[in-house]
Amino acid sequence: QAQLVESGGGLVQPGGSLRLSCAASGFTWSLYTMSWHRQAPGKERELVAAVPVTGGRIEYAESVQGRFIISRDNARNTVDLQMNSLKPEDTAVYYCNAKIRNPALFGDRDYWGQGTQVTVSS
(Lines give C-alpha, C1' and ligand atoms only; values in the text may rest on other atoms or scores of the structure.)
Protein backbone atom coordinates (compact mmCIF):
# COMPACT_ATOMS: atom_id res chain seq x y z
CA GLN A 1 0.00 0.00 0.00
CA ALA A 2 0.97 3.66 -0.13
CA GLN A 3 4.02 4.46 1.95
CA LEU A 4 6.23 7.51 2.43
CA VAL A 5 9.42 7.23 4.47
CA GLU A 6 11.39 10.33 5.48
CA SER A 7 15.04 10.39 6.48
CA GLY A 8 17.86 12.86 7.05
CA GLY A 9 16.63 14.81 10.05
CA GLY A 10 18.82 15.65 13.00
CA LEU A 11 20.48 18.38 15.05
CA VAL A 12 22.30 21.20 13.30
CA GLN A 13 23.69 24.58 14.34
CA PRO A 14 22.22 27.83 13.01
CA GLY A 15 23.60 28.54 9.57
CA GLY A 16 24.15 24.87 8.85
CA SER A 17 22.58 22.59 6.26
CA LEU A 18 20.60 19.36 6.12
CA ARG A 19 19.16 17.28 3.31
CA LEU A 20 15.90 15.43 3.87
CA SER A 21 14.81 12.57 1.65
CA CYS A 22 11.43 10.90 1.13
CA ALA A 23 11.08 7.49 -0.49
CA ALA A 24 7.66 6.70 -1.94
CA SER A 25 5.98 3.43 -2.87
CA GLY A 26 2.56 1.85 -3.32
CA PHE A 27 0.93 4.40 -5.63
CA THR A 28 1.22 5.77 -9.15
CA TRP A 29 4.00 8.31 -8.86
CA SER A 30 3.08 10.31 -11.96
CA LEU A 31 -0.39 11.17 -10.63
CA TYR A 32 0.83 12.94 -7.50
CA THR A 33 2.27 16.27 -6.51
CA MET A 34 4.95 15.81 -3.86
CA SER A 35 5.61 18.24 -1.06
CA TRP A 36 7.26 18.84 2.30
CA HIS A 37 5.40 20.24 5.28
CA ARG A 38 6.51 20.97 8.82
CA GLN A 39 4.92 21.32 12.22
CA ALA A 40 6.37 22.78 15.40
CA PRO A 41 4.83 22.10 18.84
CA GLY A 42 1.75 24.24 19.38
CA LYS A 43 1.65 25.42 15.78
CA GLU A 44 -0.27 24.44 12.67
CA ARG A 45 1.28 22.26 10.03
CA GLU A 46 2.51 24.44 7.18
CA LEU A 47 3.60 23.91 3.60
CA VAL A 48 7.34 24.23 3.08
CA ALA A 49 7.72 23.36 -0.60
CA ALA A 50 5.84 21.49 -3.33
CA VAL A 51 6.85 20.13 -6.71
CA PRO A 52 4.70 18.55 -9.45
CA VAL A 53 5.83 15.67 -11.65
CA THR A 54 6.51 17.97 -14.60
CA GLY A 55 5.29 21.15 -16.23
CA GLY A 56 4.14 22.82 -13.04
CA ARG A 57 5.47 25.58 -10.82
CA ILE A 58 7.53 24.78 -7.75
CA GLU A 59 6.10 26.42 -4.65
CA TYR A 60 7.97 27.58 -1.53
CA ALA A 61 6.88 29.16 1.69
CA GLU A 62 8.09 32.74 1.95
CA SER A 63 10.01 31.87 5.10
CA VAL A 64 12.26 29.42 3.23
CA GLN A 65 12.62 31.07 -0.18
CA GLY A 66 16.25 31.38 -1.15
CA ARG A 67 17.33 28.86 1.49
CA PHE A 68 15.54 25.58 0.70
CA ILE A 69 15.41 23.62 -2.56
CA ILE A 70 12.94 20.83 -3.32
CA SER A 71 13.63 18.25 -6.01
CA ARG A 72 12.15 14.96 -7.17
CA ASP A 73 13.71 11.99 -8.89
CA ASN A 74 11.03 10.37 -11.04
CA ALA A 75 13.21 7.32 -11.70
CA ARG A 76 13.71 6.57 -8.01
CA ASN A 77 10.34 7.86 -6.72
CA THR A 78 12.00 10.13 -4.20
CA VAL A 79 11.69 13.77 -3.24
CA ASP A 80 14.42 15.66 -1.40
CA LEU A 81 14.57 18.91 0.52
CA GLN A 82 17.93 20.64 0.68
CA MET A 83 17.89 23.05 3.62
CA ASN A 84 20.58 25.72 3.83
CA SER A 85 21.22 28.65 6.17
CA LEU A 86 19.07 27.01 8.80
CA LYS A 87 17.52 29.09 11.55
CA PRO A 88 16.16 28.12 14.97
CA GLU A 89 12.71 28.95 13.59
CA ASP A 90 13.10 26.02 11.18
CA THR A 91 12.94 23.57 14.09
CA ALA A 92 9.98 21.24 13.50
CA VAL A 93 8.92 17.78 12.47
CA TYR A 94 9.11 17.62 8.69
CA TYR A 95 6.60 15.50 6.78
CA CYS A 96 6.56 14.22 3.23
CA ASN A 97 3.22 14.44 1.41
CA ALA A 98 1.78 12.97 -1.78
CA LYS A 99 -1.43 14.53 -3.11
CA ILE A 100 -3.25 13.38 -6.22
CA ARG A 101 -3.36 15.96 -9.00
CA ASN A 102 -6.88 15.21 -10.30
CA PRO A 103 -9.28 14.29 -7.50
CA ALA A 104 -12.28 14.78 -9.81
CA LEU A 105 -11.27 11.70 -11.80
CA PHE A 106 -9.46 9.55 -9.24
CA GLY A 107 -10.83 10.64 -5.90
CA ASP A 108 -9.15 12.78 -3.27
CA ARG A 109 -6.04 10.87 -2.21
CA ASP A 110 -3.55 12.31 0.23
CA TYR A 111 -0.69 10.37 1.85
CA TRP A 112 1.72 11.34 4.62
CA GLY A 113 4.97 10.02 5.99
CA GLN A 114 5.71 9.53 9.67
CA GLY A 115 7.87 12.65 9.91
CA THR A 116 11.49 13.37 10.74
CA GLN A 117 12.70 15.78 13.43
CA VAL A 118 14.86 18.76 12.50
CA THR A 119 16.35 20.75 15.37
CA VAL A 120 18.34 23.93 14.77
CA SER A 121 20.16 25.02 17.91
CA SER A 122 23.55 26.23 19.09
Side-chain angles (χ1 to χ4, degrees):
Q1 305 295 3
Q3 184 176 9
L4 302 173
V5 180
E6 302 99 333
S7 62
L11 175 65
V12 64
Q13 293 186 329
S17 298
L18 282 175
R19 178 181 284 272
L20 306 183
S21 184
C22 172
S25 62
F27 60 93
T28 304
W29 178 256
S30 62
L31 297 179
Y32 288 78
T33 294
M34 302 301 299
S35 65
W36 286 94
H37 293 67
R38 66 186 182 187
Q39 186 168 25
K43 297 184 178 180
E44 297 181 350
R45 187 174 298 187
E46 64 174 346
L47 174 69
V48 176
V51 58
V53 176
T54 186
R57 180 178 179 180
I58 296 175
E59 181 179 359
Y60 293 99
E62 290 186 0
S63 60
V64 306
Q65 287 180 347
R67 300 189 297 121
F68 291 9
I69 301 173
I70 189 172
S71 61
R72 67 188 293 167
D73 187 332
N74 292 329
R76 297 175 55 240
N77 289 12
T78 59
V79 58
D80 290 356
L81 184 69
Q82 177 65 45
M83 304 185 294
N84 302 314
S85 301
L86 283 162
K87 305 175 181 179
E89 304 92 278
D90 296 318
T91 296
V93 177
Y94 284 70
Y95 297 91
C96 182
N97 171 256
K99 185 174 181 63
I100 197 163
R101 295 184 298 167
N102 197 338
L105 293 178
F106 302 103
D108 191 5
R109 301 175 185 178
D110 193 12
Y111 305 118
W112 294 90
Q114 82 289 346
T116 184
Q117 177 71 48
V118 172
T119 302
V120 184
S121 176
S122 60

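One-based numbering along the sequence shown. These numbers were taken from a predicted model, which means no experiment stands behind them.
For the pair Tyr32 (side chain) and Asn97 (backbone), a donor-acceptor distance under 3.5 Å is absent. Remark: side-chain polar atoms of Arg101 are paired, donor with acceptor, to backbone N or O of Ser30 under 3.5 angstrom. Checking side-chain atoms of Thr116 against main-chain N and O of Gly9 turns up a donor-acceptor pair under 3.5 Å. Listed for the Glu6 side chain is no donor-acceptor partner under 3.5 Å among the backbone atoms of Cys22. Side-chain atoms of Asp110 never come within 3.5 Å of backbone atoms of Ile100 as a donor-acceptor pair (strictly under, hydrogens ignored).
Side-chain atoms of Asp73 and Thr78 form no donor-acceptor pair, as typed in the model, at a separation below 3.5 Å. Under 3.5 Å, the side chains of Asp80 and Gln82 contain no donor-acceptor pair of N or O atoms.
Distance check, rounded to the nearest 0.5 Å: NE2 of His37 to CG of Leu81 gives 12.0 Å.
The shortest non-hydrogen separation linking Arg57 to Pro52 is O-CD, 3.9 Å. Considering all non-hydrogen atoms of both residues, Met34 and Ile70 come closest at O-CD1, 4.2 Å. Considering all non-hydrogen atoms of both residues, Met83 and Val118 come closest at CE-CG2, 3.9 Å. Shortest non-hydrogen contact noted between Ser35 and Leu47 is CB-CD1, 3.9 Å. Taking both residues in full, the closest heavy atoms of Ser122 and Pro14 are given as N-CD, 3.6 Å, listed atom of the first, atom of the second, then distance. Shown here for Thr91 and Gln117, the closest heavy-atom pair between the two residues is CG2-NE2, 4.0 Å.
Cation-pi contact between Arg45 and Tyr95: present, with separation from the ring centre below 6.0 Å and deviation from the ring axis of at most 45°.
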Practice prompt. Determine, step by step, whether Cys96 and Trp36 satisfy the side-chain contact (heavy atoms from CB on, under 4.5 Å) criterion, reporting the C-alpha distance in whole Å, the side-chain angles of both residues, the deciding distance to 0.1 Å, and the verdict.
Written response: CA-CA 5 Å; Cys96 182; Trp36 286 94; 4.3 Å; yes
Worksheet entry | Derivation of the side-chain contact (heavy atoms from CB on, under 4.5 Å) call for Asp90 and Arg67 | CA-CA 11 Å; Asp90 296 318; Arg67 300 189 297 121; 2.8 Å; yes
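No more than 12 heavy atoms of other residues, nucleotides or ligands sit less than 6.0 Å from atom CD of Glu44.
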